[in-house]
Amino acid sequence: MGSNETTAPTNFIRHIIDADIAAGKNGGRVATRFPPEPNGYLHIGHAKSICLNFGLARDYQGTCNLRFDDTNPHKENQEFVSAIQDDVRWLGFGWGDKVYYASDYFDQLYRFAVELIEKGLAYVCDLSAEETRAYRGTLTEPGRESPYRSRSVAENLDLFQRMRAGEFPDGARVLRARIDMASPNINLRDPTLYRIRHGVVHHQTGAEWCIYPMYDFTHPISDALEGITHSICTLEFEDHRPLYDWVLDNISVPCHPQQIEFSRLNLQFAVMSKRKLTQLVDEGFVEGWNDPRMPTIAGMRRRGYPPAAVREFCDRIGITKADNTVEMSLLENTVRDDLNVHAPRRMAVLHPLKVVIENYPEGQAEELPAANHPQDPALGERSIPFCREIYIDAEDFREEAPAKFKRLVAGGEVRLRYAYVIRCDQVIKNAQGEVIELRCSYDPDTLGVNPEGRKIKGVIHWVSAQHGAEAEVRLYDRLFSVANPDGAAAKEGKDYKEFINPDSLRTLTACMLEPALAGAQSGELFQFEREGYFCLDPAQGAGGKPIWNRTVTLRDSWTKIEQQGG
RNA sequence: UGGGGCGUCGCCAAGUGGUAAGGCAACGGGUUUUGAUCCCGUCAUACCCAGGUUCGAGUCCUGGCGCCCCAGCCA
């Protein structure tokens with residue numbers, strides 16, 4: 001196998017493909033597909049599948065089709081079709097100029113159904129949905145055969161044609177495969193192949209059809225028609241594989257793709273089912289599918305996760321058949337690894353506390369050079385204005401210093417990043433006793449050099465009060481307050497939504513940014529030194545202020561020290 | 001009690017009979033004008049359990065145990 005660049009780590013599916021190639025199967029060809037149903041936005045679990053399928057095509061010089069599994073118009077729409085394409089492209093994968101739709105095969109699917117009927121392998125069944133369920137039996141008892149199971153081929157052909165012609169109402173009849181009502185595998189107990197759906201406009205085929213094929217019938221045929229070699233899906237379809245093979249074994253298709261199943265991704269502090277994500281959106285628990293707290297691809301994009309980091313994450317988690325729940329720290333660390341290398345550094349004060357440097361001349365200002373990246377000179381530098389009044393973060397000042405606290409304390413000194421060492425001479429408080437301003441003095445001999453005879457242990461960030469730009473900053477935390485919302489809900493007999501973290505979004509409306517941030521473009525990412533990585537949101541906040549989303553925090557060893565009573 | 005899967009470090013995960021990779025987390029230490037980054041070190045006599053085969057088993061066999069999925073005219 002192999003290619004020059006990014007080759008994903010090996011896994012059991014690659015072993016299968018390697019063996020197939022060695023055996024000369026499919027003429028050594030590898031063709032996969034990513035088959036989303038356009039009934040919602042893609043999430044990080046889909047990203048895992050996308051990276052797997054498109055990654056296989058990339059590494060084996062094969063192909064991967066983007067194919068919409070659009071057989072249930074009731075739940076699907078064009079907005080989702082478009083969003084899915086945006087998301088796959090954003091992740092970094094392409095598909096030439098052809099997007100595939102299962103609905104492109106509706107005519108052929110119909111003819112294959114007729115073929116099955118002609119072979120006596122499918123029949124029109126008049127049982128209601130409830131009756132069908134009752135006839136199906138249970139997990140431990142076999143089902144009973146439908147009274148319509150022995151209709152003649154001619155009658156079945158006539159009825160199926162009339163189903164298509166719209167002669168029967170919804171639910172009146174279905175087309176079923178005639179397999180085995182006693183099979184221990186419930187999927188083989190004469191599964192439904194076609195159902196009647198009047199009055200829904202399909203986003204691709206409009207009102208052309210009033211019967212729609214089921215997944216189990218559509219999927220294997222779509223794969224075969226596209227010459228897919230390896231049809232990769234998640235574990236819950238393992239029980240469907242005998243049906244997948246049955247369909248292909250009994251109709252005249254050009255090839256028989258191999259279905260392979262892997263386990264889906266579970267992520268701590270998140271829910272991953274489309275039903276639940278849809279609910280969070282529809283019921284207003286989040287601002288939309290692209291809310292930065294959502295585990296959707298659109299949400300991660302808005303949050304500022306680089307696509308390369310998401311791809312790297314998918315490589316790091318691997319592909320197996322074992323149930324798994326990945327820790328959020330793995331995702332966050334993957335994002336940090338990418339951002340640390342690529343994000344230019346800036347200074348921003350989130351909780352401004354005014355500092356007046358009394359021995360700095362009023363009306364004076366100077367431009368101080370600052371590296372855009374401390375380890376990568378190629379990113380260049382910008383200059384930062386310094387003057388008599390600045391803001392520092394309220395968290396960087398304490399009247400009394402806890403042990404190991406190395407920021408500014410009353411009477412103490414601290415280094416202003418890329419500027420001077422200052423000393424806090426006086427603390428000004430309001431009537432409530434809250435610190436509202438600091439009067440300091442600076443040491444003019446400390447620009448770029450350490451003072452003689454004393455060690456300055458702390459460095460803090462700051463922004464010029466005169467030159468800084470105001471901004472809104474949104475701090476995101478995990479959407480759920482427990483690692484496993486579904487598990488907690490089941491255990492405590494509650495709804496998973498009761499575990500939504502009330503502090504998953506904290507909005508700071510009076511932040512101060514260094515001037516270099518003023519011209520940033522929507523989507524641009526920076527590290528706000530000592531705070532984290534932030535991404536400019538496309539929207540504007542109150543008063544037209546820019547909104548900066550916190551992508552991820554920096555790793556923080558201080559809070560731990562502080563909590564240990566340090 | 002039917003069928004299909006899965007069980008290797010806190011979380012992922014290599015391993016394909018020859019004597020337990022790697023990543024994340026954690027914990028020590030060093031560098032540092034980001035308590036960041038970076039660097040160094042520690043971290044499974046042990047692979048769900050019990051027997052067995054073998055010179056040798058996480059890998060093979062037998063029997064248990066645990067967890068996940070399946071009874072949509074959803075995908």
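Every chain is numbered from 1, with letters handed out A, B, ... down the list of sequences.
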Practice task
Apply salt bridge (charged side-chain N to carboxylate O under 4.0 Å, His left out) to A:Glu327 and list each qualifying residue two or more places apart in sequence or on a separate chain.
Solution key: none
Fill in the blank from the handout: Letter by letter from the 5' end, nucleotides 9-18 of chain B scores (B base, S sugar-phosphate only, - none; protein heavy atoms under 4.0 Å) -BSSSSSB--
Handout entry: Qualifying residues under salt bridge (charged side-chain N to carboxylate O under 4.0 Å, His left out), relative to A:Asp486, sequence neighbours excluded
Key = A:Lys276
Any protein N or O atoms within reach of nucleotides 36-38 of chain B? Criterion: under 3.5 Å, listing atom names and distances.
unit_1	atom_1	unit_2	atom_2	d
B:rA36	OP1	A:Ser557	OG	2.9
B:rA36	N1	A:Gln375	OE1	3.3
B:rU37	OP1	A:Arg555	NH1	3.2
B:rU37	O3'	A:Asn340	ND2	3.4
B:rU37	O2'	A:Asn340	ND2	2.9
B:rU37	O2	A:Gln375	OE1	3.4

Practice task
Please list, chain by chain and in numerical order, all residues satisfying salt bridge (charged side-chain N to carboxylate O under 4.0 Å, His left out) with A:Glu531, sequence neighbours excluded.
Solution key: none
Exercise for the section: Summarise protein proximity over nucleotides 70-75 of chain B in one line of letters, 5' to 3': B for base, S for sugar-phosphate only, - for none, counting protein heavy atoms closer than 4.0 Å. Expected result: BBSBSB
Problem - Contacts of type side-chain hydrogen bond (donor to acceptor under 3.5 Å, both in side chains), residue A:Gln268, not counting sequence neighbours - result: none
Fill in the blank from the handout: Applying ring pair (Phe, Tyr, Trp, His ring centres under 6.0 Å) to A:Phe262 and not counting sequence neighbours gives none
Problem - For atom CD1 of A:Ile460 and atom P of B:rU34, their distance in whole Å - result: 13 Å
Problem - B/S/- contact track for nucleotides 27-32 of chain B, protein heavy atom under 4.0 Å - result: S-----
Practice task
Tell me, please, which residues at least two apart from A:Asp443 pass salt bridge (charged side-chain N to carboxylate O under 4.0 Å, His left out).
Solution key: A:Arg454
Handout entry: Residue pairs involving residues 41-53 of chain A (criterion salt bridge (Lys or Arg N to Asp or Glu O under 4.0 Å); sequence neighbours excluded)
Key = none
Exercise for the section: Not counting sequence neighbours, list each pair that qualifies as a salt bridge (Lys or Arg N to Asp or Glu O under 4.0 Å) and has a residue in residues 133-143 of chain A. Expected result: none
